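Let me begin by presenting the structure, written as structure tokens, before commenting on it.
Model, not experiment: these values are computed from the prediction. Counting starts at 1 for both ligands and their atoms, following the listed order. Heads up: numbering here begins at 1 and tracks the sequence.
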Amino acid sequence: MAIEREVILDFYTGNVLWIDMSTKSTRVEPLNMEWAERYIGGKGLLFRYMWEYVPPKVDPWAPENPVFLMSGPFAGTNVSTASRLVVGAKSPATNILNDSYVGGSFAPEMKFAGYDAIIVTGKADELTVVTIRDDVVEFRPGKRYAGLPTSEIESAMRNDFDKDCKTLSIGPAGETLLPWACLSTDQYHKAGRGGHGALFGSKNLKAIAVHGTGSVTVGDAPAFLADMKRIHDEFVLTDDNLWAHEEGTPVLVDLVNGAGALPTNNWSAGFFEGAKNINSESFQKIRLKKRACYQCAIACRNFHGTTFKGEEVRGEGPEYETIALLGANCGIGDIDALMKTNELCDELGMDTISTGAVIGLAMDMTEKGIADFGVRFGEVDAYAKLPTLIANKEGVGAELALGVRALCKKYNVPELSMEAKGMEMPGYDPRGSFGMSIAYSTSDRGGCHMRTYPVGDEILSGDMPNDTMDGKVERILDGNAANGFIGQNFSSIKFCGIWCDFWAVTPEQISQMLKHVWNKEFSEAEIMQMGERVWNLGRLFNLREGVEPDTLPKALYAESGAHTSGPSAGKSIGEAQFATSTQNYYSFRGWDENGVPSEAKLAELGVDVRL
Ligand code: SF4
């Protein structure tokens, strides 16, 4: 069906495409430009749309729970790293908001087709594929694509729909509603966390394929292009960002391991002897080439090739978090086996962090005699079979597909449940990076390292000691790339952009770019306040949905949980300090002792909704 669209604006298309899977109908509404001015795009605009259109207390699995695909104002332009997509929804894994970011080239294609955002609601009566070519949106029977891995559904869309289309799809894990199934695009790029793939599956939506023939207008194009060239030369192609191109995230393995913060054997240690076999040096030996997302000058993606049991394994990644959770946390120091499980997770469409967490837990429970999942730390053969069993919910995979929290509950071992708010935690043990304790406990989507990154100062630069909370809580709020410690407010405005984590962009540089969008100057304080506004809006959403208390597994902060060996041996934040730090965090935020933002704070920030 062809649909009516509004006029095209500079940087924004001005259109939101609504897709109702139940009625197989679509409509286009104008982008709310008042919200866009207040919340910019990406994370901020997503949260404002979620506040408005997610029915309060909705069951995440219900057809009424929308999935939002949101771009930023610079997607489709030549601003480096900013053509990313954010996928948002109320998560079936955590029951709170989840915003998950993915590179590749889906977001620019969506804008070339004429949409800043796509919002999917309802549930189709059978597996369905949605195709979009500019203003023509079609619902196609998807039964023939059932069970296809992510690479094959993408090539099927190129064959059956449009050879130049970009596809956002689920693999078998999304079809079986695995709570940590992810969305995949350009084969290796994943909106990994929070189960958005499971939500596509719950709507019987196998894939959205889009091809746009339009463009993004940028106002005064010569001035914009000249300024972006200057910004690229001065701020992107610099030593600060070169590490991402030359080594990428595997460079973190030795650094984090050296600090005793590498989750090992289901978080029972912070140092992994076998890390030397899965570190950056090891991956560089099997690197075949570098790749990049749309219009990214950094090009951090490593394409590797090896063999596992005589079969060729080739693909992008694994990134550090995968190495940490699918590798060290499972006691796996075999680079070929790790490449294989990473490939399986990619093709099955499942998050590698959560998969590694649950496999590590299965190994731990087997070692301790709590249950027998037929796999122990470091055992390669059984390990390499598990992603397929979990995605298809077969054999022991049927139980493991419950996820870490539900599995620990079933076997009454809450002390082994290494998650925050139901989200399995990524690759930094707070016992070797104290700041990560409050980073995880206060993250707006559960256990996550991408909202604030104390690791930057505590381990990478070493500017702050990793075994004290002194001066950390303020920085968790307010840190930015200019002072070397990414804070929650700054990451919030950065993800409105949506600039990639791997560009160490500063508030000043963000201001220089946003000036072209809104034709006005923003001070650094205003930029940071925009981020704080977004963070508080997210908090209101989570409070509305009944968010759990901000805490962590006790082992990660209590004195009794300290490691007994390795660089972080004997170190713990301590129960009293963890509690004090949480209250200090609330106080710095202008929230009450229960973590509720005050009216004065919301008014000061210009948040335009209330509980
Ligand atoms: S730095 Fe890497 S992940 Fe980020 S946009 Fe560029 S290629 Fe993609």
Worked check of side-chain hydrogen bond (donor to acceptor under 3.5 Å, both in side chains) between N342 and T352: CA-CA 7 Å; N342 181 58; T352 53; 5.1 Å; no
H189 near ligand 1 by a heavy-atom separation under 4.0 Å: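 False for this residue.
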Sub-4.5 Å side-chain heavy-atom contact between I278 and F272: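 I278 vs F272: side chains touch.
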Validation row: F522, M530 side chains within 4.5 angstrom (heavy atoms):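 Result yes, sub-4.5 Å side-chain heavy-atom pair found.
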Atom 6 (Fe) of ligand 1: protein N, O or S atoms that are less than 2.8 Å away, sorted by chain: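 Listed by chain and number: C296 SG.
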Geometric class of the W499/F74 ring pair [parallel <30°, tilted 30-60°, perpendicular >60°]: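 Taking W499 first and then F74, their aromatic rings sit tilted (interplane angle of 30° to 60°).
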Whether Y453 and Y428 hold their rings parallel, tilted or perpendicular, with breakpoints at 30° and 60°: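 Taking Y428 first and then Y453, their aromatic rings stand perpendicular (interplane angle over 60°).
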Among D162, D164, T167, the one residue meeting side-chain hydrogen bond (donor to acceptor under 3.5 Å, both in side chains) with H211: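 The passing option is D162.
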